[in-house]
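Just below is one structure, and these are the notes that go with it.
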Number of protein chains: 2
Amino acid sequence: MPKRAATSTRREESLSRERIIEATIELLDATGEAGLTFRALSEHLATGPGAIYWHIANKNELLAAACDTVIARTVDSTPITTPEATIRAHALAIYDLIDEHPWVNSAIMTDSEGNSPLVHILERIGQQIRLLRVPKAQQWSAISTLVGYILGISKQNAVNRQFGITHNLDRSEFLDRIATKWSQLDAKTYPFTHSIADRIRTHDDRDDFIAGLNLILRGINAPAR
Amino acid sequence: MPKRAATSTRREESLSRERIIEATIELLDATGEAGLTFRALSEHLATGPGAIYWHIANKNELLAAACDTVIARTVDSTPITTPEATIRAHALAIYDLIDEHPWVNSAIMTDSEGNSPLVHILERIGQQIRLLRVPKAQQWSAISTLVGYILGISKQNAVNRQFGITHNLDRSEFLDRIATKWSQLDAKTYPFTHSIADRIRTHDDRDDFIAGLNLILRGINAPAR
DNA sequence: ACCTGAACACCGTTCAAGT
DNA sequence: ACCTGAACACCGTTCAAGT
């Protein structure tokens, strides 16, 4: 790591894969996924759009590499305590990461030059599954369910939030509209949706995420029937 | 429903929202999400790209409407038996639907002209949650976890499968490459990933999906600690 | 009222030409 | 070896003009 105290962008530095990825992350955070264009990125790097192709194969690889960098940073900086608490902490860290950087969504399952962002998550949570003394035969379903749940919910949450932002909707107003719509549904054909219409107004997505996580952890710990 | 025995496309019929959506579904199934362009669609309908805008606001609405149609059909044609079996049946039906029509992925959370595809799923599964005698206070977390899990995993599965198809990878070959990559990781820093490298070779995504579903259902039925 | 299709303002990617 | 930027083959969307 030869980089040191590079607070702002320096133009004199030559192009490099690392520098391109750093600029990509900045651009994605600043302008969102739609804002990442080769023209904007090359302008940010004070070069031409073609120059980037010397270091990176295409847009997919660019996104994947940015994603991998950001996931690794998050996992590495989340503390390890007791198994269940560590799983919760990592789950929430990833949830919050994707919430703040919704573009991570699109690239988390792809891999850039061989190693996928997924492995960082898999490893950390897998180690805790072992510590919970889950029998070897059930470790796979435990880990695949957990990781699938964490990524699945986090992704959806990010998409929803982003949708709200791009259509600049006020959250409570938005939920209110759904609640109203649901309570206007025919109570005979939609009795359940009707009955929980009010509940959606006060719900918190992050709390729901934790509740589901607890449900799964309870299932992992419960004796098989 | 005035349509009857319209086996192939008829040009004489005038344009309509319904006809456009039907053509959209056909085009999406035939050529995938990338294949849905206004130019291709208008050609399919023997008209110009501008004509579609008379009936539909934009591409988002087009996708949302196609998605809603296809979800409603699936939910309506899945049988209702015992609560747990019905939840499983619907979960799998949606899993398979998204697997077969991966484009559903992009639109399932949006809504077209007021009603979201989500409501169909919510209602059916919610009714079964009630029949399981889940206390009122826990119904919300149960339904949001279940629906979140079902959609989350199904979506990821569809993305993965689609990735495999567009890069035309042989599945077992692809898994083999991941397994090899994982087993080549440093066993000290990646002990867990290392240990399950073999497991990934034989795993079945649909089985994992069911296993996770069972874990959640077990958690829903288990007594709170 | 409904449809047409040229035109506009963008994309990702390529590639001859430069240094 | 690395960079430039014009050019290519596309997009979604608009809108004057037609019927």
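All chains are named by letter (A, B, ...) in the order of the sequence lines, taking the proteins before the strands, and each is independently numbered beginning at 1.
Put simply, CG on A:L45 is 10 Å from P on D:dC3, counting in whole angstrom units. Whole-Å rounding puts the B:L15 CG to D:dT19 C1' distance at 15 Å.
For B:Y53, the ring pair (Phe, Tyr, Trp, His ring centres under 6.0 Å) partners two or more places apart in sequence, or in a different chain, are B:F38. The side-chain contact (heavy atoms from CB on, under 4.5 Å) check on B:A30 picks up nothing, with sequence neighbours excluded. A search for ring pair (Phe, Tyr, Trp, His ring centres under 6.0 Å) contacts involving A:Y149 returns A:F209, not counting sequence neighbours. Here B:R171 pairs with B:D205 under the salt bridge (charged side-chain N to carboxylate O under 4.0 Å, His left out) rule; sequence neighbours left out. The salt bridge (charged side-chain N to carboxylate O under 4.0 Å, His left out) check on A:D176 picks up A:R201, with sequence neighbours excluded. Shown here are the salt bridge (charged side-chain N to carboxylate O under 4.0 Å, His left out) partners of A:D29, two or more places apart in sequence or in another chain: there are none. In this structure, B:H55 has no ring pair (Phe, Tyr, Trp, His ring centres under 6.0 Å) partners at least two apart in sequence or on a different chain.
Dashed line: the shortest gap from a side-chain N or O of B:W54 to OP1 or OP2 of C:dC2 is under 4.0 Å.
Salt bridge annotation for A:D99-A:R206: absent, with no cationic side-chain nitrogen under 4.0 angstrom from a carboxylate oxygen.
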In B/S/- notation (B base, S sugar-phosphate only, - none; protein heavy atoms under 4.0 Å), nucleotides 7-14 of chain C written 5' to 3' is B---BBBB

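Stem regions annotated for DNA chain D: C:4-8 with D:12-16, C:12-16 with D:4-8, counting only runs of 3 or more consecutive pairs of Watson-Crick or G-U type with both contacts under 3.5 Å.
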